[in-house]
Trainee: 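Pasting a structure here, questions to come.
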Amino acid sequence: MSREGKTMHFYLEGMNCTSCLWLLEKLPSLLIDCESISVKMSDSSVEVARVENGSFAAIARTFDRLGYTPHVVKPKSDRAQALKQKENRRDLIRIGIAAGCTGNIMILAVSLYAGATGHLAEQFKLLSAFLATPVLTYCASPFYKSAFGSLRNRLINIDVPIVAALVAGIAMSLWGLASGTETLFFDSLSMLVFLLLSSRFLLKRIQQTQLNTDNLTSHLLLTQAQRITTDGFQTVSSMALVKGDIIKVAENSVVCADGEIIEGKGIVNTSTLTGESVPHSVKNGDFVFAGTQNLSGQWLMRVEKPALSSRLNDILNDIQKSSGSKPNIVRLADKAGQWFVAIVFTLAALLIAYFSFTNPVEGASRALALVIVTCPCVFGMAIPLSMSLAIQKAAEQGIIIKNAEAVERLTEIKTLFFDKTGTLSSGNLEVVNVEAAPEDRYHLAAAAAIEREQTHPVARAIVKSLVSSGKIHASEVRLLSEGGIEGKVSGRLYKIVPSSLLAFDRGDIKTQYDLICEGRVVARFQIGDSLKTEAKELIEWARANGFTPKVISGDRNAVVSSCARELHIGHHDFVSEASPEQKSETMKTAGADAAMIGDGANDAAALASAAVGIAVTGSLDVSLKAADVYLTRNNLLDIKKLFFIARRTKSAMKRNLCFSLCFNVIAGTLAITGQMTPLWAAVFMPLSSLTVLLSSLQAGQNLSRETEFSWK
Amino acid sequence: MEIIYFLLPVALCLGGAFVTAFIFASAYGQYDDLETPKHRILIDADKEKTK
């Protein structure tokens, strides 16, 4: 057991109130395995230390019992953690210094504006220059760094105009100080730096706590494992396994490592890795992967790759890497802001050129006013903030939105393409109907007895649907070469065979099995894949809200059409027997207003080609790589929340853009015509950024109030 | 108005002291977690001593 560390980090779902904190901090007194616990509510994480020989599995089970689904968080390297913490603290210190200095500068500035003159005014000016020095050098250094970095790459980012305004403002102020004129901007420049630093810090905090997909990834791999040692089994955390360990995989458990089966057999559901909903059997010598589920049987396996280096983990890492390399929120804003910046600089250059022969000072002054007042704050801060808030609200509802562009595209969606298997239906084989005359129902116990030991998916479905006393036993059970099974129960010969009579009156029925007792059919098991309960509600909601729901499935026409009928989807709106390529082609031609909602490997291409791909839990790897949105709670109704959040965010962004446009046009005109001095420009610009920031925050708060109101 | 030459440095020193205090508080992690303590304050202290 020494291979496990003493502490472990968990991300706990549903930890959000004071009583949670109270309860969790009590854990050491409730549970003997837990020595101490440290709760951090800002990112819903806890760090637990176990006692000597304590079990993390027991601790995790307790979390689960208390109602918090625990996910092991990969302990970040100490270095990375320390760096992040250091950066956060440094940002805070910058803000603190900027606030302190700016506040004092403002006090001095008030007396200057009020008309202080003479010796005192001179000293106040010098003093404000002195106070502004740390703000404009140390505090503003992130802006200089970012602007020069982007210029070096021949790009214009949002910091370039800010730095241009800062440098020009400082130059003019210093010149004003030296020549004794009125042109001092230390107050406004410091205020600018303080406000920009604060809003960016806020943005970063939200992003750091909310956009962390680690939480999502590791919960799949955490379970307890039965490790075989010289003296029997030992229960350990799946995270503690190493290569070469022999573990026992019990029925209905998730395989927690990649490895080779050395003894036993079973039936595995590999849908998390392959999206294949039909389970297949495995035996000695077969390789099984972490994340797959053992539906029946049990086996011993030799661990080749433990959880954190398994194929599943590689896949999840890939996803994280690729979603990290996609344009993130800030870069998206940069792109939008570039045009804005280019236009403003062109206008400023024209102004300088226009006045260069008549009145160069006036030209420079107007150009500076223009550059300062038209800071593209709405691109730099308001849009990213709205996006972050939307992503955060969605995450709180269990919806992972991988990139901010998806939020925008979601609002354009008019058509929803649903995959059937695994999305609208549950994807597992189930007995949807048992046909048996009342006087024949006692025969069903025989079916349960015969199938009890069998591992075929149909057998599992039959056993699951019947309440078996376990008292009746079957003898002489053997598989029939033509398919099916027979056995003797209470002296009578029973057969369970695929039905020769294929009466598909319900389309969700895939296949039918007959229970034959001494030549007479006594019962029929109709086996299929039933619709999820929430599917109908979602389709109705979609129709009521102006969406066109469509079904696109690789399943047989009869199955899909009956499913469509049940959901009142017209025969023009469903496609059956579609290959993955066809699905993808359909989504490509469907245009920018079509979203694909699917899961499983066969939908991956379609999810990627759709304007927005929404993956429903069940197939993690490929879907998650291809899709923009991932529903962690496996609840189709989350799609309602997703669209609600996206639409609200879009309207808040529109409002902000509209305000910003009006503001920039009016203020820009005033600056160009010389009505606005650089001084007033520097006062108005932070005011406008503050307005859009507060408006975004307000919209975010409304969003959380409304989501809580409408969904709880 | 001569008093201002005394008051001004005092005000600046006060301001400086608070900024310094803030810098130290940040550097020692006072603001690392802003969520938990505000909840913890609502929890009654245990009557009996728990281990």
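Note that these values count all heavy atoms, side chains included, but never hydrogens, waters or copies made by symmetry. Keep in mind that this is a model prediction, so the values were computed, not measured. Residue numbers begin at 1 in each chain, while the letters A, B, ... track the order of the sequences.
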Trainee: Would you mind telling me which of Ala25(B), Gly15(B), Ala11(B), Gly29(B) has the largest number of heavy-atom pairs within less than 4.5 Å of chain A?
Mentor: Gly29(B)
Trainee: To the nearest 0.5 Å, how far apart are OG1 in Thr20(B) and CD1 in Ile93(A)?
Mentor: 11.0 Å
Trainee: Taking side chain as everything from C-beta outward and backbone as N, CA, C, O, which of these in Ile41(B) sits under 4.5 Å from a heavy atom of chain A? Side chain, backbone, both or neither.
Mentor: neither
Trainee: Would you say Asn88(A) and Tyr31(B) make side-chain contact, with heavy atoms under 4.5 Å?
Mentor: no
Trainee: Using a cut-off of 6.0 Å, state whether more than 12 heavy atoms not belonging to Phe130(A) lie near its atom CZ.
Mentor: no
Trainee: At a heavy-atom separation under 4.5 Å, does Phe124(A) approach chain B through its side chain, its backbone, both, or neither?
Mentor: side chain
Trainee: Around atom OH of Tyr5(B), are there more than 12 heavy atoms of other residues, nucleotides or ligands at under 6.0 Å?
Mentor: yes
Trainee: Give me the atom names and distance for the closest heavy-atom approach of Leu92(A) to Ser26(B).
Mentor: CB-OG, 4.1 Å
Trainee: Report the distance from atom CG of Leu12(B) to atom CG of Leu108(A), rounding to the nearest 0.5 Å.
Mentor: 7.0 Å
Trainee: Is it the side chain or the backbone of Leu131(A) that comes within 4.5 Å of chain B heavy atoms, both, or neither?
Mentor: side chain
Trainee: Using a 6.0 Å cut-off, check whether atom CD1 of Ile32(A) has over 12 heavy atoms from anything other than its own residue.
Mentor: no
